[in-house]
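Notes follow once the structure below has been shown.
All values derive from a computational prediction rather than experimental measurement.
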Amino acid sequence: MRKLALVIFVLSLSLLAKAQDDEQKYLASDARIEVSGFGGVISEMALINKTFSFSTGGGGALLLDRRFFIGGYGLGLSTNRFFTDYPGHIGDKLRLNFGHAGVWLGYIYRPSKRIHFGISGRGGWGSLQLTDENKNQNNEVDNTNDNVFVIAPQIEAEVNILPWLKFNIGMGYRYVSGIDNETYKTLTFNGPAFTAGLFFGGFGDESGPVNDDDQGGN
């Protein structure tokens, strides 16, 4: 009887082991994907007419596993750039307005580090136009609107200040295409661009680092 019980026990272990080996496999695992988001303010310094000018705005994105993000942004020129010799408006003080908005995506490398790096890119549609400062700063001058497309890839460095707050600086290149207005074609919009941002969101994880590579160091 004991021998029979021992044989049944051994056979049961063998069948259990085989059942584990035959467990169905799937391409997609049930591993937890951490989903959060963030948003904040962005300041950009880039060339206009061979002089660095500032644009300000903001952006927000969906953050996956604290590494990948996709969202949107918007920036508008805040530095004053004036024309006083625009055809048909000689002597008028015309201010250049330049704004663009679109898709923002990127990758963050080792986000659990206090100081870490990443890459991102902004791509969107915008417009160039002139407003008459002598009359009203919101008075758009007729026939000066020009639609453009902007692409701005960059590399970045970030500092984790708090689990919900980080500071970001970036360096890249801004490319503006689709300019049709002859006056705008005389200006420089393409060239190096530098950004700084302060972002609020779900950057921390109480369960610990993303993976073992993120432990230790800074």
Side-chain angles (χ1 to χ4, degrees), residues 38-61 69-108 117-158 166-199:
F38 67 91
V41 294
I42 304 172
S43 179
E44 178 190 68
M45 182 176 69
L47 289 173
I48 293 182
N49 203 24
K50 300 181 181 179
T51 302
F52 279 106
S53 303
F54 287 93
S55 296
T56 55
F69 66 86
I70 180 169
Y73 80 96
L75 287 169
L77 182 64
S78 54
T79 300
N80 288 326
R81 288 287 177 263
F82 294 109
F83 289 84
T84 57
D85 56 353
Y86 190 82
H89 295 270
I90 303 300
D92 293 341
K93 189 178 182 181
L94 305 183
R95 183 185 187 275
L96 175 66
N97 296 276
F98 175 35
H100 54 100
V103 178
W104 180 30
L105 52 85
Y107 172 77
I108 304 168
F117 301 91
I119 58 174
S120 74
R122 299 187 305 275
W125 293 263
S127 65
L128 297 163
Q129 59 183 236
L130 300 176
T131 54
D132 193 336
E133 294 285 306
N134 293 330
K135 297 179 180 179
N136 185 308
Q137 62 179 0
N138 296 318
N139 184 30
E140 180 183 340
V141 179
D142 292 339
N143 301 318
T144 63
N145 189 75
D146 197 354
N147 296 322
V148 296
F149 182 71
V150 180
I151 298 177
Q154 65 179 28
I155 57 175
E156 303 172 343
E158 294 186 334
K166 67 180 180 180
F167 175 71
N168 172 293
I169 57 173
M171 177 180 66
Y173 189 89
R174 184 180 70 186
Y175 176 73
V176 181
S177 65
I179 298 176
D180 296 320
N181 187 299
E182 293 300 325
T183 297
Y184 301 148
K185 287 182 178 180
T186 65
L187 305 180
T188 302
F189 290 96
N190 301 336
F194 304 89
T195 63
L198 191 64
F199 301 117

Next item on the list: May I ask you to test the Leu130-Asn97 pair for a side-chain heavy-atom distance under 4.5 Å?
Entry: no

Margin query: For a 4.5 angstrom cut-off between non-hydrogen side-chain atoms, does Arg174 reach Ile48?
Written below: yes

Test of understanding: with side-chain hydrogen bond (donor to acceptor under 3.5 Å, both in side chains), list the residues that count as partners of [X], not counting sequence neighbours.
X	result
Thr183	none
Ser55	none
Tyr86	Asn181
Glu158	His116, Lys166, Asn168

Side chain to side chain contact (heavy atoms under 4.5 Å, CB included) with [X]: which residues, sequence neighbours excluded?
X	result
Ala101	none
Tyr107	Arg67, Phe68, Tyr109, Ile119
Phe82	Asn80, Lys93, Arg95, Glu133

Please list, chain by chain and in numerical order, all residues satisfying ring pair (Phe, Tyr, Trp, His ring centres under 6.0 Å) with [X], sequence neighbours excluded.
X	value
Phe54	none
Phe38	Phe69, Trp104, Phe199, Phe203
Phe98	His100, Phe189

Next item on the list: With sequence neighbours excluded, give me every salt bridge (charged side-chain N to carboxylate O under 4.0 Å, His left out) pair touching residues 141-151.
Entry: none

Next item on the list: Would you please name every residue forming a salt bridge (Lys or Arg N to Asp or Glu O under 4.0 Å) with Lys185, sequence neighbours left out?
Entry: Glu182

Check: Does a donor on one side chain and an acceptor on the other come within less than 3.5 Å for Asn49 and Thr188?
Finding: no

Margin query: Looking at every non-hydrogen atom in both residues, tell me the closest pair between Gln154 and Gly170 and how far apart they are.
Written below: NE2-CA, 3.9 Å

